[in-house]
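Notes follow the structure.
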Amino acid sequence: MATKIRLQRHGRKNYAFYPIVIADSRAPRDGRFIERIGSYNPNTNPATITLNFERALYWVTVGAEPTDTVRAILSNEGVLLMKHLQGGVAKGAFDQAEAERRFAAWKAKKDAKVASQKTTMATQAQEAAKTRLEAEAAVNKAKAEAVAKKKAEAAAAAAAAEAPAEEGEAEAEAPAAE
């Protein structure tokens, strides 16, 4: 029986998430599977991946073939690196402790890189929000100045209209008094 490690599509339209499963290669995409070893949610930023590392490593070592996307996920999580290191232990190139040390060093470096990317994204989001707020404040100030100018013009026009009317009343009263 040829086994594959692949994704099943779940979720609604335009919002899919994918369980990572071990399935017979002849089974349909969303059909029967042997074991579920994790999930992949591309809707979050960054994408959320949960994976049972030990079971994924087991299935890769016994010959289950991952699809292209799952291969990228397994590589990103370090399953393929651990399989490679286990091959070195089997050949006698180094011992299990050295393999664990190398994997831990790789994992620490990867985690530091991901953490720096998350902080960079957070600071960029804060700066973008600050820029948007400043732009909005400038637009609001310009609108306020335009409204104040329009009100001043309207008040001046009303005062100008009132002044000739008062002059006309004063002239009308002056000849009547004589």
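Contact detail for M82 and F103: the closest heavy-atom pair is CE-CG, 3.6 Å.
Atom NZ of K110 has more than 12 neighbouring heavy atoms from other residues, nucleotides or ligands inside a 6.0 Å radius. Heavy-atom neighbours of D111 CG from other residues, nucleotides or ligands within 6.0 Å: above the threshold of 12. In this structure, H10 places its NE2 atom where more than 12 heavy-atom neighbours from other residues, nucleotides or ligands lie under 6.0 Å away. For K107, the NZ atom is densely surrounded, since the number of other residues' heavy atoms within 6.0 Å is greater than 12. Within a 6.0 Å radius of CZ in R9, more than 12 heavy atoms belonging to other residues, nucleotides or ligands are found.
Panel note: side chain N52, backbone I37; no donor-acceptor pair is recorded below 3.5 Å. T120 contributes a side-chain N or O that, together with a main-chain N or O of S116, makes up a donor-acceptor pair within less than 3.5 Å.
The distance from atom CZ of F17 to atom CZ of R12, rounded to the nearest 0.5 Å, is 10.5 Å. Atom CG of L80 is separated from atom CG of L85 by 11.0 Å, given to the nearest 0.5 angstrom. Rounding to the nearest 0.5 Å places CD1 of I73 at 7.5 Å from OG1 of T67.
Linking Ile, Leu, Val, Met, Phe, Trp and Tyr whenever their side-chain heavy atoms come within less than 4.5 Å leaves Y15 and Y18 in two separate clusters. Hydrophobic clustering, with ILVMFWY side chains joined whenever heavy atoms are under 4.5 angstrom apart, keeps V70 apart from F33.
Cation-pi geometry between R101 and F94 is not met at under 6.0 angstrom from the ring centre and within 45 degrees of the axis.
In summary, E65 and R6 do not engage in a salt bridge, as defined by a charged side-chain N under 4.0 Å from a carboxylate O.
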